[in-house]
There are 2 protein chains.
Amino acid sequence: MPQPSAPRKTPGRPPRISREEVIATARRIVDAEGVDRLTMRRLATEIGSTPMALYHHVRNKEELLVLLLDDYAARALHRPELPAQPRERIVAAAAAIHEALAACPWIAEVLTADDLMSTSALWFVEQILDGLVESGLTPERAVHGYRTIWYYTAGEIVVRTTAARRRADDDGPTYRERVFADLDPNELPRLAQVADRWAPLTAENTYLDGLRALIDGLLAAH
Amino acid sequence: MPQPSAPRKTPGRPPRISREEVIATARRIVDAEGVDRLTMRRLATEIGSTPMALYHHVRNKEELLVLLLDDYAARALHRPELPAQPRERIVAAAAAIHEALAACPWIAEVLTADDLMSTSALWFVEQILDGLVESGLTPERAVHGYRTIWYYTAGEIVVRTTAARRRADDDGPTYRERVFADLDPNELPRLAQVADRWAPLTAENTYLDGLRALIDGLLAAH
DNA sequence: GCTATTTTTCTTACATGTATAAAAATCTAC
DNA sequence: GTAGATTTTTATACATGTAAGAAAAATAGC
């Protein structure tokens, strides 16, 4: 057992790099050249070490990306003035998280995390929970409500980001276009009706509308 | 230009495998041993070919997984009797999609698709659109409403599936546990209040509650 | 039959994440 | 000092997706 009052020298070979250094260097690469260029080998070279040395500071690449996201969230999420009215506070807090995440283009690779639980995001989660409780929900239902909002928010970002990436990769006609091309208006009239407007309609950013509807529904259920 | 009335012989080396065969073999592997065991080499061996030959029938592995999902959806999604009342029809259609997808454990890898646009899912999309229009929404707002439901549904599945996978991989204490361990009850009282119940609360399946709230909110907004 | 064309298949090669085990660098006990 | 113990770093190796191009197998025109 390590003695907390003992002199601070630990045994073993002293580290030449630190987790902080790894994260900071990774951030530089991602900021400068995009997440695609972030490889463990590249990162090791940049930091003046070897690929496997990194694995003593991060569990694997996925954890590194989560740490990068936390790091990003800590910078991007400052605490704004939120409205006093509970419903509007919930909207504003969720929208702030959404805005920060949506601005982070490499996010879809990570965003499937269980919650966004970086310390800097907790304050926003607190605001949402508080708004829900103030609106009359029990703490338990407030947690469920927050999760619902998170599912919607994460889903919106992941779906949109991935769709954008696929569009960039593909050249030929989308699978979607092919499907819409031979819709039977008798069998699927509503889809046929909007078929030619589907692309622009789904390209619109309706996150806030959906969020408000969702929160309205959550609060109306008492 | 190919003449439709010409004899059916096409030039070029005749294919020894087909896209259907690739998909069917891939499905066998996934069903029997899980999606992790599906590699292009394994699939090629199983099918009696070489890895690169597969790439003439599917664009890449991601497309193969999407095709697998479509194939799965075609089998899993039979058209049930849906309620006549629009709101309940929307709930039932979305819940049917959700249920089919949630039962598919390898889904998170693919589910970030733009929409679930396999032909067999279209009927459900139609039902949702129709329910929304019948409830008074314009076709445009109905499309937005459907997308909102899809974001929520996809987000729920992806987040839950990934969380389950991470729990299975990790051994040590969760990042989440560590975060909750040192919460300051003065700064974040609501979170502190539910901290010890967070894991069971978020493990509960509240998809249907959230879905109903969301649809209520969408319909209330006219 | 011979050549050109077209389509599919096969061979080879590379970048990537990471497992495994050896090596290096430090501390502690004697 | 010398011998473990402990921790970090390095070297090597492997599985994977897939790019690039050669080879094979068919048709079409002559």
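To find a chain, count down the sequence lines: A is the first, B the second, and so on, and within it residues start at 1. Nothing here was measured: the structure is a model prediction, and the numbers come from that model.
Atom NE2 in B/His56 sits roughly 15 Å away from atom P in C/dT11 (whole-Å rounding). Here the C1' atom of nucleotide C/dA15 and the NZ atom of A/Lys61 are 11 Å apart, to the nearest Å. A straight line from CD of A/Glu21 to P of D/dT8 spans 14 Å, rounded to a whole angstrom. Here the C1' atom of nucleotide C/dG17 and the CD atom of A/Glu63 are 15 Å apart, to the nearest Å. A/Ile47 has its CD1 atom 14 Å from the P atom of D/dT8, to the nearest Å. Between A/Leu54 atom CG and C/dG17 atom P the separation is 10 Å, expressed in whole Å.
Set against C/dT11, C/dT8, D/dT9, the side chain of B/Pro15 has C/dT8 as its closest nucleotide.
An OP1 or OP2 oxygen of D/dA11 is reached within less than 4.0 angstrom by no side-chain nitrogen or oxygen of A/Thr50. For B/His57, no side-chain nitrogen or oxygen approaches OP1 or OP2 of C/dT8 to under 4.0 Å. Within the structure, every side-chain polar atom (N or O) of A/Thr10 is placed at least 4.0 Å from both OP1 and OP2 of D/dT6.
Remark: A/Glu204 CD to A/Asp209 CG distance equals 9.0 Å, nearest 0.5 Å. Rounding to the nearest 0.5 Å gives a distance of 8.0 Å between OG1 of A/Thr162 and CD of B/Glu62. Note that CD1 of B/Ile17 is 8.0 Å distant from CG of B/Leu43, once rounded to the nearest 0.5 Å.
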Identify the pairs formed between an N or O of the protein and an N or O of nucleotides 19-25 of chain D at a distance under 3.5 Å, and give each distance.
residue: D/dA25; atom: N3; partner: B/Arg13; partner atom: N; Å: 3.3

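Between B/Ile17 and A/Pro51, it is B/Ile17 whose nearest contact on DNA chain C lies nearer the 5' terminus.
The minimum heavy-atom distance linking B/Val58 with B/Leu67 is given by the pair CG1-CD1, 3.9 Å. The shortest non-hydrogen separation linking A/Gln193 to B/Pro139 is NE2-CG, 3.6 Å. Residue A/Gly145 comes nearest to A/Leu218 through the heavy atom pair O-CD1, 3.8 Å, listed as atom of the first residue, atom of the second, then distance. The nearest pair of heavy atoms linking B/His78 to B/Phe124 is O-CZ, 3.6 Å.
Between the side chain of B/Arg160 and the main chain of B/Ala203, a donor-acceptor pair closer than 3.5 Å is present.
Within a 6.0 Å radius of CD in A/Glu33, more than 12 heavy atoms belonging to other residues, nucleotides or ligands are found.
Residues of residues 31-46 of chain A having a heavy atom closer than 4.0 Å to DNA chain C, listed by number: A/Leu38, A/Thr39, A/Met40, A/Arg41.
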